[in-house]
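Reviewing the structure listed below.
For clarity, every value in this text was computed on a predicted model and none was experimentally measured. One-based numbering, in listed order, for ligands and for the atoms of each.
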Amino acid sequence: MIVLGIETSCDETCSAVLEYSENQQCNILSNTVHSQISEHTEYGGVVPEIAARSHINSIDLVIQKSIRDANINFSSLDAIAVTSGPGLKGGLLVGVTFAKTMASILKKPLLGINHLEGHALTIRITEKIKFPYLLLLVTGGHTQLLIVKGVGHYERLGTTIDDALGEAYDKIAKSLNLGYPGGPIIEKLAEGNDGSTVSLPRPLHNSKEMNFSFSGLKTAVKREIDSSLPLNDKSLSNICAAFQASVIDILKNKLQMAVDYFKEKYSEDINVVLAGGVASNKTIFAAISELSLRKNFNVYVAPKELCTDNAAMIAWAGIERINSGNHDPERVNIRTRWPLDENAVKVRGAGVKA
Ligand code: KG4
Ligand code: ZN
C-alpha cells in the first residue's frame with residue numbers, strides 16, 4: 001500500500017509518501033518539509049494569514065517533490081491522507097482543498113487525519129510498540145498526557161490549563177529576542193548549565209491532577225529577564241537553563257503520576273512515548289530516560305524529523321486507520337478544534353488546547 005500524506009495545519013507545508021508492505025514494514029519513500037520559519041521569525045510566532053498564503057504558494061511544488069523523491073507516479077498511490085484538524089483554519093483549508101481535488105481527479109480514497117493522532121502514532125513507524133502505551137504529547141499547541149489504547153482510542157489524563165509547552169518556549173525566546181521557534185535555541189543556550197543559579201516556580205507541583213500550567217512560569221522568567229538586564233552570555237544561559245530545569249521537573253512529576261495510574265490499570269510493560277516538537281529536546285529526553293530507569297518503564301521518542309511537524313506521520317496515521325478498518329467514509333471536513341479524547345472533561349482555561 002502506498003499512501004501520500006499532506007500536512008498544512010501550522011507553519012510547515014509538508015508532503016510524504018509511505019509504503020507499507022505485506023510483512024508490516026513501513027518505508028518512508030519521501031518526506032518533504034517546506035518550512036515557513038523565515039517568514040514568521042520577525043513576528044516571534046506564527047502569523048495565520050502569512051501561513052495560509054505561504055501554504056498556497058508552495059503546496060503544489062512540495063507535493064510534486066515528494067512524489068519525485070519517492071520515485072513513483074501519482075497513479076501508484078492507493079490513498080491520500082490529509083490533516084483536517086486541529087490547527088489554523090486557513091492552512092487546513094489549503095491542504096484539505098488540495099487533497100480533495102487530487103483525490104477526485106485521481107479517483108483515490110481520501111482520509112481526513114487528526115494532526116495529534118499523527119504525532120501519537122508516529123513512533124509505530126520505527127518501533128514495534130503495542131497498544132496501550134502512555135503518551136506525553138508536547139507541541140506548540142498542546143501539552144497532554146494520554147493513554148493510547150488503539151487507533152482512534154485515547155484517554156486523556158492531563159492537559160495544560162493555559163500555555164502549551166512549545167508555546168512557552170517560543171514566548172520566552174521572543175522576550176529574549178532569540179527568534180522563532182524558541183525551543184531549539186533555548187535548549188542550546190541551556191546546554192551544560194544545570195539552571196541552579198536562578199530560582200523559578202514549578203506550577204501545579206502539589207496538585208493531585210495530571211494537568212500542566214506554564215503561564216506562571218513564563219511570567220516568572222520574564223520577571224527574571226527584566227531584573228537581569230542587560231543580559232550577557234552567562235545570565236542568558238542561566239535563565240534558559242533554569243526555565244528548562246523547571247520544565248523537566250514539571251514533566252517528570254506529572255509523568256510519574258501517569259505511570260503509576262497506568263501501572264494500576266494495565267499489567268503489561270509500561271511503554272512511554274514522547275511525541276511532538278518539544279520531544280526532540282535531548283535534555284528533556286535524557287532526564288525522562290533517567291527517570292525511566294528508576295521507575296521501571298521504557299521510553300521512546302521518534303527521530304527529530306518525525307517529532308516536529310511532517311507529513312510522514314499523517315500518511316502513517318492514514319495507514320493505521322486503513323489497517324484497523326477505522327476510517328471515516330464521510331466527507332472530509334476541517335475541524336480547528338479536535339481533541340483526541342472527545343469524552344475528556346473540559347478543563348477551565350485549556351480552550352482549544354484540550
Ligand atoms: O509538533 P510541532 O512541530 O508543531 C505543533 O504541532 O505545534 O511543535 C513545534 C514546537 C515549537 O513550539 C518549538 O519551539 C518546539 O516545538 N520545539 C522544541 C524543540 N524543537 C522544537 N522545544 C524544545 N526543545 C526543542 N529542541
Ligand atoms: Zn504538530
Side-chain angles (χ1 to χ4, degrees), residues 5-14 16 31 33-37 40-41 43-46 48 51 82-88 91-92 95 113-123 135-144 159-160 163-176 178-191 212 214 217-218 221 240-241 243-248 250-251 273-288 301-314 316-317 336-340 352-353:
I6 299 171
E7 154 63 41
T8 56
S9 68
C10 193
D11 60 340
E12 339 254 25
T13 316
C14 315
N31 190 11
V33 178
H34 172 74
S35 171
Q36 307 174 354
I37 285 176
H40 299 284
T41 300
Y43 306 100
V46 179
V82 62
T83 303
S84 51
L88 300 172
L92 291 170
I113 300 295
N114 182 321
H115 176 90
L116 303 174
E117 179 159 76
H119 281 303
L121 300 176
T122 300
I123 197 68
L135 176 73
L136 174 62
L137 178 65
V138 272
T139 73
H142 292 79
T143 300
Q144 301 195 341
T159 182
T160 180
D163 288 352
L165 182 51
E167 184 184 3
Y169 267 98
D170 295 337
K171 286 181 175 168
I172 288 170
K174 188 176 179 185
S175 308
L176 290 164
L178 295 173
Y180 171 85
I185 308 169
I186 289 180
E187 180 183 14
K188 185 112 195 45
L189 288 168
E191 237 168 47
F212 302 91
F214 295 105
L217 173 62
K218 178 191 67 190
V221 172
C240 291
F243 165 65
Q244 197 161 265
S246 176
V247 164
I248 287 171
I250 294 166
L251 295 179
V273 172
L274 311 188
V278 185
S280 66
N281 183 302
K282 295 219 161 44
T283 319
I284 293 177
F285 182 72
I288 292 177
V301 69
K304 183 178 176 295
E305 65 277 13
L306 296 179
C307 282
T308 47
D309 284 351
N310 65 87
M313 70 181 194
I314 303 305
W316 174 248
T336 50
R337 179 176 182 276
W338 188 358
L340 281 178
V352 293
K353 290 161 195 157

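Against a heavy-atom cut-off of under 4.0 Å, Pro181 is close to the following atoms of ligand 1: 13 (C), 14 (O). Less than 4.0 angstrom separates some heavy atom of Thr308 from each of these atoms of ligand 1: 3 (O). Applying the 4.0 Å criterion to heavy atoms of Gly166 picks out, from ligand 1, the atoms 12 (O). Each of the atoms 14 (O) of ligand 1 lies under 4.0 Å from some heavy atom of Gly182. Numbered from 1 in the order shown, with element, the atoms of ligand 1 that lie under 4.0 Å from a heavy atom of Gly141 read 7 (O).
When heavy-atom distances to ligand 1 are checked against a 4.0 Å cut-off, His119 comes that close only through its side chain, counted from C-beta outward.
By the 4.0 Å heavy-atom criterion, Ser280 is counted among the residues contacting ligand 1.
The shortest contact between atom 21 (C) of ligand 1 and any protein heavy atom is with Gly277 O, 3.4 Å. Considering only non-hydrogen protein atoms, atom 15 (C) of ligand 1 sits nearest to Val278 CG2, 3.9 Å. With respect to atom 24 (N) of ligand 1, the closest heavy atom belonging to the protein is Asn281 ND2, 3.0 Å. If you check which protein heavy atom lies closest to atom 18 (C) of ligand 1, you get Gly183 CA, 3.5 Å.
Residues Ala190 and Ala241 approach most closely at CB-CA, 3.5 Å, considering heavy atoms.
The number of protein N, O or S atoms lying under 2.8 Å from the Zn ion (ligand 2) is 3.
The shortest N/O to N/O separation between Gly140 and ligand 1 falls below 3.5 Å. Geometrically, ligand 1 and Glu187 share a nitrogen or oxygen pair separated by less than 3.5 Å. Taking only nitrogen or oxygen atoms, main chain and side chain alike, His115 reaches within less than 3.5 Å of ligand 1.
Closest heavy-atom approach to atom 14 (O) of ligand 1 among the candidates Val247, Thr83, Asp170: Asp170. Of the candidates Asp309, Thr139, Asn310, the one placing a heavy atom closest to atom 4 (O) of ligand 1 is Asp309.
The side-chain contact (heavy atoms from CB on, under 4.5 Å) with Ile314 is formed by just one residue from the set Thr8, Val82, Thr83; it is Thr83.
Side chain of Asp309 to main chain of Asp11: no donor-acceptor pair is present (N/O by atom type, distance under 3.5 Å, no hydrogens or angles).
A heavy-atom distance below 4.5 Å is found between the side chains of Leu136 and Ile288. For the pair Leu274/Asn281, no side-chain contact is recorded, criterion being any heavy-atom separation below 4.5 Å from C-beta on. You'll find the side chain of Thr308 stays beyond 4.5 Å of the side chain of Pro181, heavy atoms only. Contact annotation: the side chain of Leu189 approaches that of Leu178 to within less than 4.5 Å [non-hydrogen atoms, C-beta and beyond].
With sequence neighbours left out, Lys171 forms a salt bridge (charged side-chain N to carboxylate O under 4.0 Å, His left out) with Asp163, Glu167.
Ring planes of Phe212 and Phe214: parallel class, angle under 30° (limits at 30 and 60°).
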